[in-house]
Amino acid sequence: VQLQASGGGLVQAGGSLRLSCAASGDIFSVQRMGWYRQAPGEQRELVAVITAGGHTNYADSLKGRFTISRDNAKNTVYLQINNLKPEDTAVFYCNALITTIGRKISTADYWGQGTLVTVSS
């Protein structure tokens, strides 16, 4: 299974970005999907998660400017970020709880490689 994140880049403060993360491989089902971020010198922190049914949960400090969504048919999760601030500069990682089929059915957490968001003032 692979999680491929994209959509990061350099943006001016006040701008917007839409991050995408697609899961691929021998996937039986994708349960929880989410986004985390890690700023320079900081620990990785939760941004938002979304269940297969569309229920969302956000970090309290980030409510309002971040919107998580998903396309179950594409096994893809999105993160819309509006009114970006310099303090949003971080590597954004996607995460998913995925059930795979192979020799046996198994469920595990998977991480994408991260996409860098840089916000200039």
Side-chain angles (χ1 to χ4, degrees):
V1 172
Q2 286 188 327
L3 293 180
Q4 184 67 45
S6 61
L10 175 64
V11 63
Q12 287 189 330
S16 298
L17 280 176
R18 189 191 194 206
L19 308 183
S20 300
C21 178
S24 61
D26 292 329
I27 296 172
F28 177 73
S29 65
V30 181
Q31 292 88 59
R32 167 186 38 82
M33 303 186 84
W35 289 96
Y36 292 72
R37 69 179 185 179
Q38 187 167 17
E42 302 290 332
Q43 289 188 333
R44 191 174 300 187
E45 64 174 354
L46 171 70
V47 176
V49 293
I50 184 168
T51 67
H55 179 75
T56 60
N57 190 29
Y58 295 88
D60 287 340
S61 62
L62 301 178
K63 289 180 180 178
R65 297 189 297 115
F66 294 76
T67 303
I68 190 170
S69 61
R70 64 188 284 173
D71 184 333
N72 290 335
K74 296 181 180 179
N75 290 329
T76 299
V77 62
Y78 305 97
L79 186 68
Q80 178 71 37
I81 314 173
N82 297 325
N83 189 23
L84 278 155
K85 303 177 180 181
E87 53 263 40
D88 292 321
T89 294
V91 178
F92 282 72
Y93 296 92
C94 59
N95 167 265
L97 185 65
I98 298 174
T99 298
T100 56
I101 51 176
R103 285 188 175 183
K104 60 179 181 179
I105 295 175
S106 62
T107 300
D109 254 332
Y110 292 87
W111 290 88
Q113 84 285 4
T115 185
L116 177 62
V117 173
T118 304
V119 184
S120 62
S121 57

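Side-chain atoms are counted along with the backbone in the values below, which use heavy atoms only and exclude waters and symmetry mates. It should be emphasised that the depicted structure is a prediction, and the values quoted were computed from it without experimental measurement.
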Find the distance between OG (Ser16) and CD1 (Ile81) and round it off to the nearest 0.5 Å.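 If we round to the nearest 0.5 Å, Ser16:OG and Ile81:CD1 are 9.0 Å apart.
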Spacing of Lys85 atom NZ and Ser121 atom OG [to the nearest 0.5 Å]: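 With rounding to 0.5 Å, NZ (Lys85) is 14.0 Å from OG (Ser121).
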I need the minimum non-hydrogen distance between [X] and [Y], along with the two atoms involved.
X      : Y      : answer
Ala48  : Tyr58  : CB-CD2, 3.4 Å
Val119 : Thr89  : N-OG1, 3.0 Å
Ala96  : Val30  : CB-CG1, 4.3 Å
Ser6   : Thr115 : C-OG1, 4.1 Å
Gly8   : Leu19  : N-CD2, 3.6 Å

Quick test of your reading: applying salt bridge (Lys or Arg N to Asp or Glu O under 4.0 Å), list the pairs with at least one residue in residues 44-70, sequence neighbours left out, ordered by first then second residue.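 Listed once each, the pairs are Arg37-Glu45, Asp60-Lys63, Arg65-Asp88.
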Quick one: which residue pairs count as a side chain to side chain donor-acceptor pair (under 3.5 Å) with a foot in residues 20-36, not counting sequence neighbours?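 Matches after skipping sequence neighbours: Ser29-Gln31, Gln31-Thr99, Arg32-Asn95, Arg32-Asp109.
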A side-chain contact here means heavy atoms from C-beta on lying under 4.5 Å apart; do Asp71 and Tyr78 qualify?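 Asp71 vs Tyr78: side chains touch.
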Take atom CD in Gln2; do more than 12 heavy atoms of anything else shown fall under 6.0 Å from it?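 Incorrect, the count does not exceed 12.
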Contacts of Ala22 that satisfy side-chain contact (heavy atoms from CB on, under 4.5 Å) - sequence neighbours left out: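 By the side-chain contact (heavy atoms from CB on, under 4.5 Å) rule, Ala22 matches Thr76.
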Over 60° means perpendicular and under 30° means parallel, so classify the ring planes of Phe92 and Phe66, tilted if in between.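 Parallel: the ring planes of Phe66 and Phe92 meet at under 30°.
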